[in-house]
Amino acid sequence: MDTSRTRTPQSIWETALGELQVQVSKPNYRTWFSTTTGLSFQDSRFTVGVPNTFAAEYLDRNQRSLIESALIGVVGKAVSVIFHVTGKSNGNGSHSGNGNGSADISLPHIDPVFTKLNPHYSFENFVEGPNNRLARAASQSVAQNPGHSYNPLFIYGGAGLGKTHLLHAIGQAAAANHINVICTSAEQFTNEFISALREKTTEEFRNKYRSIGMLLIDDIHFLSGKGQTEESFFHTFNELHNTNRQIVMTSDCPPRSMPLLEDRLRSRFEWGLIVDVQPPDYETRLAILKNKAQRRDVSIGPDVIEFIARESHTNVRVLEGLLNRVIAYAKLLRMVPTLDIAAQALEDVATKEYLAEEITPSSIIEAVAESFQISIDTIIGRKRDKDTSLARRMAMYLIRQETNCSLAQIGREIGNRDAASVTSACKLISADITSNPFIKRKIKDVQRQLSPQDTRQNN
Ligand code: ADP
Ligand code: MG
């Protein structure tokens, strides 16, 4: 029966939302779907109303096929979806920041807390690419509309991909709007808390954090498993969040992958928006290098830039290092940085990479162990906690992908397991790769580590 004739677009959409709610994570649903509406349904085109262009772009890029299948399930025929920005957020509270009904508390005027923000880490200096577009847009959104767009904002990703840069950029934009910002690392926060305990100044510590307008915490994964500091951070978080003060955190992994984090903190980290930064593709690496060379005011040919961009893999910090090395080398020789000079400057870096060893089961196990920060013995051993099991499955999957080993051989390499366990591990990981971005990234990270000169990072 074609129910779509008799139902309003909104009621079709509500049924589809019911379906989507079970398919995406809770925070994801709350952030992206709960504020949408069904606007119209004509000629198999279904229009979904979204509160802003940011949401439209996100849904269009990341959830289109999921949404379309949900709609097809409801109306029983092919549907293509269109997102229309309505500027309204489905009655779920004001996001406009004008205090309309939200618990805006006028902040006590206090002297700005001294935080070191790196002036180079600004939005202008941050080169956008497909790998960081969403994280950048979300960062700008919270900087412009702190406490009202996405709170908390949680940015995660691998090393040297610009997380700290974005955090400081938010801080600078907010400070320019006279918001009292604290930008600190979870490690500093912990040290400060411990010394407050020792010196019995926890009250001051609390007051300091309670009085600010925005809290930026770098590398929050450091808190994981640090009971008392977690507790203190939990209270700080609640006090700030309850009064709409913006919180932004960075981490090397998403909250769900922080095994030692208390659940009540984990769930709070998932309240707002979680975005990741990925390694830059070749084009973005080129753009970043051009930008850095320009700012350093050195003239360096496009061929040299391309050479460096090809050289380095995933980490922007390393990429910058290579550029600096070429510039320094040329300066030393009092020559302009030509392709030859660049090749010489990077020679030993390059040979190290190009002579990358052959990929073997043990090199894979080693790389996985390193990526999970556990020992090789643990991977091939009998422990069965969540992290170890995941690492073990990933090692099996990667050996299957990267070598010609048979299932039985793989089983032997991974602590004498049988072929059936290898098969099931490979199946699980293959399924996870499509549904779990964290696992997809982890796999890519290890693959890159195994063969840094590989071109697969370009896609
Ligand atoms: P992370 O905190 O993710 O480890 P950082 O923010 O410290 O990484 O970035 C490492 C270096 O790379 C910094 O110098 C930063 O300015 C630079 N960088 C990273 N991403 C970009 C980008 N998209 N555009 C310009 N510079 C970048
Ligand atoms: Mg950092």
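Just follow the structure's listing: the first ligand is 1, and inside any ligand the first atom is 1.
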Can Arg133 and Glu57 be said to form a salt bridge (charged side-chain N to carboxylate O under 4.0 Å, His left out), step by step? CA-CA 11 Å; Arg133 186 161 291 140; Glu57 188 183 324; 5.0 Å; no

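Scanning the protein for heavy atoms near atom 2 (O) of ligand 1, the closest one is Thr164 OG1, 2.7 Å. The protein heavy-atom contact nearest to atom 18 (N) of ligand 1 is Val316 CG1, 3.3 Å. With hydrogens left out, the protein atom closest to atom 7 (O) of ligand 1 is Arg317 NH2, 2.9 Å, a heavy atom. The protein heavy-atom contact nearest to atom 4 (O) of ligand 1 is Gly160 N, 2.7 Å. Among all protein heavy atoms, the one lying closest to atom 11 (C) of ligand 1 is Glu320 OE1, 4.0 Å. Given atom 25 (C) of ligand 1, the protein heavy atom at minimum distance is Asn125 O, 3.2 Å. Closest to atom 15 (C) of ligand 1, if we only count protein heavy atoms, is His165 ND1, 3.4 Å.
Compare Tyr156, Tyr121, Phe123, Phe126 by their heavy atoms: the one nearest to atom 21 (C) of ligand 1 is in Phe126.
Between Phe126 and His165, the angle of the ring planes goes over 60°, which puts this pair in the perpendicular group of the 30/60° scheme.
Lys442 forms a cation-pi arrangement with Phe372, by the criterion of a distance under 6.0 Å to the ring centre and an angle within 45° of the ring axis. Phe234 carries Arg264 over the face of its six-membered ring, with the cationic atom under 6.0 Å from the centre and within 45° of the normal.
When distances to the Mg ion (ligand 2) are checked against a cut-off of 2.8 Å, Thr250 contributes no N, O or S atom below that limit.
Across all their heavy atoms, Asn315 and Ala159 have their closest contact at ND2-O, 3.4 Å. Contact record, Phe123 with Ala173: CE1-CB, 4.1 Å, taken as the closest heavy-atom pair. Between Ile379 and Ile365, the shortest heavy-atom distance links the atoms CD1-O, 3.9 Å. Of all heavy-atom pairs spanning Arg392 and Gly381, the tightest one is NH2-O, 3.1 Å.
Counting atoms of ligand 1 from 1 in the listed order, those under 4.0 Å from a heavy atom of Val127 are 22 (C), 23 (N), 24 (N), 25 (C). The contact set between ligand 1 and Gly162, taken as ligand atoms under 4.0 Å from a residue heavy atom, comprises 1 (P), 3 (O), 5 (P), 6 (O), 8 (O), 9 (O), 19 (C), 20 (N). Atoms of ligand 1 found under 4.0 Å from any heavy atom of Lys292, numbered from 1 in the order shown, are 16 (O), 17 (C), 25 (C), 26 (N), 27 (C). Residue Asn132 approaches ligand 1 through these ligand atoms, each under 4.0 Å from one of its heavy atoms: 23 (N). Per-residue contacts place Ala159 under 4.0 angstrom from the following atoms of ligand 1 (heavy atoms of the residue considered): 4 (O).
With a 4.5 Å cut-off on side-chain heavy atoms, Ile182 and Lys208 count as touching.
An N or O contact shorter than 3.5 Å is missing between Ile288 and ligand 1 by distance.
You'll find the ring centres of Phe189 and Phe193 outside the 6.0 Å limit.
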